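Note that these values count all heavy atoms, side chains included, but never hydrogens, waters or copies made by symmetry. Because the structure is predicted, anything quoted here is derived from the model rather than measured.
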Amino acid sequence: MPCLRIETNIELDGGQAQDLAAKATSLVAESLGKSERYVMVMVHQGALVTFDNDQSPAAYCTLGSIGLEESQCPVLAESLCMFLETRTGIPQDRIYIEFKDLSRSMFGWNGKTFA
């Protein structure tokens, strides 16, 4: 049940945002060995984001998943930053990614928790 949230100050047209979400879904599923059926991706564009007191293109991402291991994060950081730079033009040094290992008992879906 991975969930990737991408918040950025750039504007994407509808097709670009949909393509970004679709490709990100595949990347997350493949990287974590999970089915795309359970991956959620949210793209929030046009947000007010400053980085180093500068409003140039930037992004803040959160990737949460049950069972996410700390050892996976360096590879995920590299692949997600490269992906976002390629797809959006946002330089990798203007992207933050927060990783979260979600507790099964504290995450719900389909009327129940994963515990």
Side-chain angles (χ1 to χ4, degrees):
M1 61 50 40
C3 181
L4 174 65
R5 181 183 181 109
I6 303 168
E7 297 179 76
T8 181
N9 56 356
I10 65 172
E11 293 287 343
L12 303 166
D13 69 32
Q16 290 172 315
Q18 289 176 347
D19 185 60
L20 181 67
K23 299 287 195 266
T25 296
S26 296
L27 176 65
V28 169
E30 183 179 317
S31 296
L32 295 177
K34 307 266 183 168
S35 169
E36 285 189 22
R37 180 183 183 318
Y38 298 106
V39 176
M40 180 180 283
V41 174
M42 296 173 280
V43 178
H44 297 271
Q45 55 182 320
L48 176 59
V49 178
T50 62
F51 192 117
D52 190 23
N53 204 25
D54 180 355
Q55 292 185 12
S56 296
Y60 184 88
C61 305
T62 306
L63 176 60
S65 183
I66 293 171
L68 181 62
E69 296 179 15
E70 189 175 330
S71 63
Q72 295 174 289
C73 296
V75 173
L76 287 165
E78 181 179 11
S79 61
L80 285 170
C81 282
M82 189 178 313
F83 167 80
L84 287 170
E85 182 176 49
T86 301
R87 292 278 171 187
T88 67
I90 299 170
Q92 293 185 38
D93 66 352
R94 293 189 55 80
I95 300 169
Y96 274 156
I97 306 171
E98 178 182 2
F99 297 101
K100 295 181 179 183
D101 177 15
L102 304 173
S103 168
R104 291 182 171 279
S105 63
M106 298 297 287
F107 203 84
W109 172 72
N110 198 23
K112 57 190 176 221
T113 67
F114 284 90

How about Asn53: does its CG atom have over 12 heavy atoms from other parts shown lying under 6.0 Å from it?
-> no
Do Val41 and Phe99 share a hydrophobic cluster, counting only Ile, Leu, Val, Met, Phe, Trp and Tyr and linking them when any side-chain heavy atoms are less than 4.5 Å apart?
-> yes
Step through the shown structure and confirm whether more than 12 heavy atoms of other residues, nucleotides or ligands are within 6.0 Å of CE on Met42.
-> yes
Euclidean distance, Leu12 CG relative to Gln18 CD, rounded to 0.5 Å | 11.0 Å
Looking only at non-hydrogen atoms, find the nearest pair between Val43 and Ala21 and report the distance.
-> CG2-CB, 4.1 Å
Co-membership, hydrophobic cluster, residues Val39 and Met1, 4.5 Å side-chain = no
Per-pair distances, 0.1 Å, donor-acceptor, side chain in residues 61-84, under 3.5 Å, sequence neighbours excluded:
from  : atom 1 : to    : atom 2 : distance (Å)
Gln72 : OE1    : Glu69 : N      : 2.7
Ser79 : OG     : Val75 : O      : 3.2
Ser79 : OG     : Leu76 : O      : 3.2

Please test Gln45 against Leu20 for side-chain contact (heavy atoms from CB on, under 4.5 Å), starting from the C-alpha separation and ending with a verdict.
-> CA-CA 11 Å; Gln45 55 182 320; Leu20 181 67; over 6 Å; no
Do the ring planes of Tyr38 and Trp109 sit parallel (below 30°), tilted (30 to 60°) or perpendicular (above 60°)?
-> perpendicular
Once you round to the nearest 0.5 Å, how far does CG of Asp54 lie from CZ of Arg94?
-> 4.5 Å
So CZ of Arg5 and NZ of Lys100: to nearest 0.5 Å the spacing works out to 9.5 Å
How far apart are the closest heavy atoms of Gly46 and Glu11, and which atoms are they?
-> CA-OE2, 3.2 Å
Kindly give the heavy-atom pair with the smallest separation between Asn9 and Ser56, and that separation in Å.
-> ND2-O, 3.0 Å
For the atom pair CZ (Arg87) and CD (Gln16), what is the distance rounded to the nearest 0.5 Å?
-> 10.5 Å
Spell out, as yes or no, whether a donor-acceptor pair under 3.5 Å connects the side chain of Thr8 to the backbone of Ala58.
-> yes
Closest non-hydrogen atoms of Ile10 and Pro57, given as atom of the first, atom of the second and distance, are CG2-CB, 3.5 Å
Would you please indicate yes or no on a ring centroid separation below 6.0 angstrom for Tyr96 and Phe51?
-> yes
If you round to the nearest 0.5 Å, how far is OG1 of Thr25 from CZ of Arg37?
-> 14.0 Å
Cluster check Ile97, Leu27: I/L/V/M/F/W/Y, side chain < 4.5 angstrom = yes
